[in-house]
Amino acid sequence: MQRALDINRTRFADWYQAVVRDADMAETSPVRGAMVIKPWGYGVWEQIQQELDRRIKATGHENCYFPMFIPLSFIAKEAEHVEGFAKEMAIVTHHRLKMIDGKLQPDPDAKLEEPLVVRPTSETIIGDAFARWVRSHRDLPLLINQWANVVRWEMRPRLFLRTTEFLWQEGHTAHASEAEAVEETRKMLEVYRTFSEDTLAMPVIAGEKPENERFPGAVNTYSIEAMMQDGKALQAGTSHFLGTHFAEAQGIKFQDDAGTVTLCNTTSWGVSTRLIGGVIMTHGDDDGLRLPPAIAPKQIVIVPMLRDKPEDADVLKYCEDLVAMLRKLSIFGQPVRAHLDTKKIKSAEKRWNWVRRGAPIIIEIGPRDAAGGNVTYMRRDQLREGDKIKSIALPRQEFLEEKAVQLLAEIQHGLYAEAKARLDGNIRCGVTDWKGVEDYYAGSDDDFKGWLRVSWSKPTAAALDAVDTKLKGLKLTIRNAPLDQPASFAPCLFTGAAGVEEILIGRAY
RNA sequence: CGGAGCGUAGCUCAGCCUGGUAGAGCAUUAGCUUUGGGAGCUAAGGGCCGUUGGUUCGAAUCCAGCCGCUCCGACCA
C-alpha cells in the first residue's frame, strides 16, 4: 500500500524524523543542536501557548519577562543548582569582536568582568527580583510566569525532544508557608495533566520523581509522564517544590503579621516545545502526523480540485463560500480554523501534504461537489478503510450544521481514547521480583515494551544509587511514583523490605 | 568525549571492493495527452562526488587529516 511516508513506525526513531520533516514541523539549523521551527510547527506551539497561557492566568498567575543573561555569580548561589547545570551552560565572555590577524574574533580588551550565563532556567535571576519585590506577607503569594527560550548544551540533540535551545514556559512563585507552596506545586502539576489530556489528547501519569531525578535544588519534583508509541516514557512537564533552598540562597524573605522575618517557600514549573515531540510520537501514524483539533493551526483544510478549465472558477467560488461559512462555526470556545488552500501546486499533492501535516479534516471539492452542493471530506484520524483512503460526501448544509463541529470533537476524543487505551494497556502490575523485570524487558530493544508498576521501599542515598544502577543495566529508569497510591503494598521489588510506595519504571527519552 | 555507519543533482540513493570523461528514481521546466482524486508520453535543465592534502600518467573510487550528519554509549528536570 502506498503511504504518505516512506518509513513506518517499526523503525520508530527514523519514522519520528521523517514526520518532523515531512509534516513541515522543523528542521536542523547551521547551529548544532538548535532547530528551526517552521510555520506549521510554530503554529502548533502558538496553539499550545494560547491555551496553556489561558489556564495559567486562570489560576492567578501573571506574565513577566526576565533577561536571558544571568550573572555567573547568581548561578553559583545555590550549590545543588550549580552542580546540576554546570555541565550544560553557554557562557558569554566578551561584548565585542575585532579583526585580529585577518580573523574576526573576541576582542581581548572587551572581556566582561563577570561572565554571563545564557539561562538554562531562571530561578536565580527571578529569585533576585523576588528578593526585592517581597517585603511583607501582603506581597504573597507572588505568582509569576514567563514564556521564554532557554539554552542547555545537550550532547545528543533530537528535534523537539532535546535541543540546545528550546522554547518553554516557566512559572515561579513565592509563598508564605510550606503548605501553600506544596499546594501550588501540586496545583500546577494538575494544570499540566489536564492540559495534556484535554488539549493535546495525550494521557499522562502524574506523580512524584524519586530523589535522584529531582530538579537541582528542589525538595520535591513532580512530573507528568506520557507513553510514546514505542512504549518509551516522555517526561512531558515538571513542577518543583523548592522549599526555602532558593529563598535562603537569595534572601527572599518577608515579615509576617507578627513582624517576624521569615523565608519564603518557592516553586517552579515548566513545559516546553518537547510537548510537540510528545504529540508527534503519541498520535502520528504511517501517513504522518495526526494533530488533535485543539492544537491544529488549521482544523479544516479545503483543497479545491482544479484542472485549468472554465469550471475552476465555480469550484473556487464554492470553496470560498464554504470556508467563510466554516469560520462562522465554533469549537472549543473559538471560531473554527478553516483554510482554503489555493497554492498553485497540483491538487493531489496538496492533499498529501495536509495528510502528512495532520490536518484533522481535509475537504476536497471538485466540479461535481460544487454543482451538487456537496462536501467531500476525509478525517485524518480514520484516513483509510483497509488500504484505501476513505472519503465521505455529504450535502453542504448537513456538513455545516451537523457534521463539522461534531467531527472535530470526535477526532479530539478519539485520539485521546486511542492513546489512553495504549497507556492503560501497557502498564503491567504484579511483577514482584527482579527476574520478572528482566523477563518483561527481555528481547530486542526495538520490541515494544511498556512500563511496570512495582512496589518499593523508597530507599535513599547509596541504596537508591544501587537501585538506579541495577535499572540502568536494562536501560530503565524510575519515571515517577503516581499520585494515586493503594492502601497497602507488596514487599519492595529491589530490597525485599516492606513496600511503602508504588513506582513506574520504563525506558525513557 | 568513546564505538559504529554515512556524506555523489533540490530529495532518496546507486557507482567505490577491482582507479580510466557522472548515473537512476522522484522533484523542476517545456510540449502533447489525461481528468472524482498521489496521471501518461516526449524532451530539457541541473553535480569542482563534504573539505584539505597525499599516492598515481589519471581519484567519486585508494590513503590521511579536518568538518558535518545518523545510530549506540557517556551526558541529560
Side-chain angles (χ1 to χ4, degrees), chain A residues 1-7 11-14 16-18 21-22 27-33 80-81 83-89 120-121 123 150 152-159 161-164 166 168 170 185 189 192 208-218 220-225 234-242 268-272 274 287 303-309 311-312 315 345-356 362-372 374 376-378 388-391 393 445-446 472-473 475 477-480 508-509:
Chain A
M1 149 177 33
Q2 192 174 11
R3 289 287 193 171
L5 293 185
D6 48 13
I7 299 171
R11 287 163 55 201
F12 202 72
D14 293 336
Y16 176 78
Q17 289 186 80
R21 184 188 66 228
D22 292 350
E27 59 188 29
T28 53
S29 75
V31 182
R32 188 190 144 74
E80 284 185 37
H81 195 62
E83 204 186 311
F85 285 109
K87 277 175 272 182
E88 48 187 67
M89 294 218 257
T121 177
E123 275 73 9
V150 288
R152 297 179 190 182
W153 214 262
E154 299 287 356
M155 295 315 288
R156 267 182 66 186
R158 273 189 91 186
L159 292 178
L161 299 176
R162 196 186 298 111
T163 47
T164 303
F166 56 92
W168 77 346
E170 52 179 322
T185 309
L189 183 72
Y192 288 157
E208 185 183 341
K209 282 283 187 186
E211 177 187 311
N212 59 327
E213 302 267 350
R214 271 181 206 143
F215 174 76
N220 272 316
T221 287
Y222 296 86
S223 73
I224 51 171
E225 303 282 332
L234 183 75
Q235 179 173 298
T238 48
S239 185
H240 316 290
F241 168 57
L242 305 173
S268 67
W269 26 274
V271 298
S272 71
R274 171 181 266 199
D287 288 301
V303 177
M305 306 306 287
L306 304 176
R307 45 188 62 137
D308 298 323
K309 293 213 167 151
E311 62 261 34
D312 280 5
V315 171
I345 58 173
K346 271 185 274 185
S347 305
E349 191 180 336
K350 279 188 213 177
R351 177 229 277 199
W352 288 105
N353 287 342
W354 290 115
V355 166
R356 280 184 279 264
I362 300 166
I363 295 176
E364 294 183 330
I365 300 291
R368 231 174 285 168
D369 296 304
N374 281 333
T376 301
Y377 71 89
M378 56 201 82
K388 288 173 112 174
I389 298 292
K390 182 173 157 192
S391 65
D445 286 0
D446 294 335
K472 220 171 196 174
K475 296 182 184 171
T477 51
I478 298 170
R479 302 319 305 158
N480 66 24
Y509 277 96

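Atoms considered below: every heavy atom in the structure, side chains included; atoms not considered: hydrogens, waters and symmetry mates. Here the structure is a predicted model, which means the values were calculated and not measured. The chains referred to below are lettered A, B, ... by the order of the sequence lines, with proteins before strands, and numbering in each begins at 1.
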Checklist outcome for this item: Here the pair of heavy atoms bringing A/G217 nearest to A/E80 is N-OE1, 3.5 Å
Checklist outcome for this item: On a heavy-atom basis, the closest approach of A/W352 and A/A4 is CE3-CB, 3.6 Å
Distance check, [atom1] atoms only: [N] and [M], in whole angstrom units.
N	M	atom1	answer
B/rG31	B/rG23	C1'	26 Å
B/rC41	B/rU56	C1'	47 Å
B/rA60	B/rC13	C1'	14 Å
B/rA64	B/rU55	P	15 Å
B/rG50	B/rU70	C1'	15 Å
B/rA24	B/rC49	C1'	15 Å
B/rG10	B/rU29	P	15 Å
B/rC67	B/rU28	P	38 Å

Please report, rounded to the nearest Å, how far the [atom2] atom of [N] is from the [atom1] atom of [X].
X	N	atom1	atom2	result
A/E364	B/rU35	CD	C1'	14 Å
A/E88	B/rC76	CD	C1'	6 Å
A/R307	B/rU33	CZ	P	16 Å
A/E349	B/rA27	CD	P	8 Å
A/R274	B/rC76	CZ	P	13 Å
A/R158	B/rC75	CZ	C1'	16 Å
A/R162	B/rU70	CZ	P	12 Å
A/L159	B/rC71	CG	P	10 Å

Checklist entry - Going by an N to O cut-off under 4.0 Å, is there a salt bridge joining A/E225 and A/K209? => result yes
Among [options], which nucleotide sits nearest the side chain of [X]?
X	options	value
A/W352	B/rC76, B/rA74, B/rG38	B/rG38
A/R156	B/rU35, B/rA74, B/rC71	B/rA74
A/K346	B/rA39, B/rU70, B/rC76	B/rA39
A/M305	B/rG37, B/rC72, B/rA39	B/rG37
A/K475	B/rC76, B/rC72, B/rU35	B/rC72

Item to check | Toward the 5' end of RNA chain B, by each residue's nearest nucleotide, A/R21 or A/D287 | outcome: A/R21
Checklist entry - A/P120 or A/A348: which one's nearest nucleotide on RNA chain B is closer to the 5' end? => result A/A348
Do [X] and [Y] touch side chain to side chain, with heavy atoms closer than 4.5 Å?
X	Y	result
A/L5	A/R356	yes
A/N220	A/R214	yes
A/R307	A/D312	yes
A/I363	A/D369	no

Base, sugar-phosphate, or nothing: which does [X] touch, judged by heavy atoms less than 4.0 Å apart?
X	value
A/W153	nothing
A/D14	nothing
A/R11	nothing
A/K350	nothing
A/R351	base
A/T376	base

Is there a Watson-Crick or G-U wobble partner for [N] with both distances under 3.5 Å, and if so, which one is it?
N	value
B/rC75	none
B/rC48	none
B/rC69	B/rG5
B/rU29	B/rA43
B/rC57	B/rG20

Next on the checklist: For a quick test of reading the model: is some side-chain N or O of A/Q17 closer than 4.0 Å to OP1 or OP2 of B/rC69?
Outcome noted: no
Checklist entry - Any side-chain N or O of A/K472 less than 4.0 Å from the OP1 or OP2 oxygen of B/rC75? => result yes
Next on the checklist: For A/Y192 and A/W269, take the angle between the two ring planes, folded into 0 to 90°, and tell me which bin it lands in: parallel under 30, tilted 30 to 60, perpendicular over 60.
Outcome noted: perpendicular
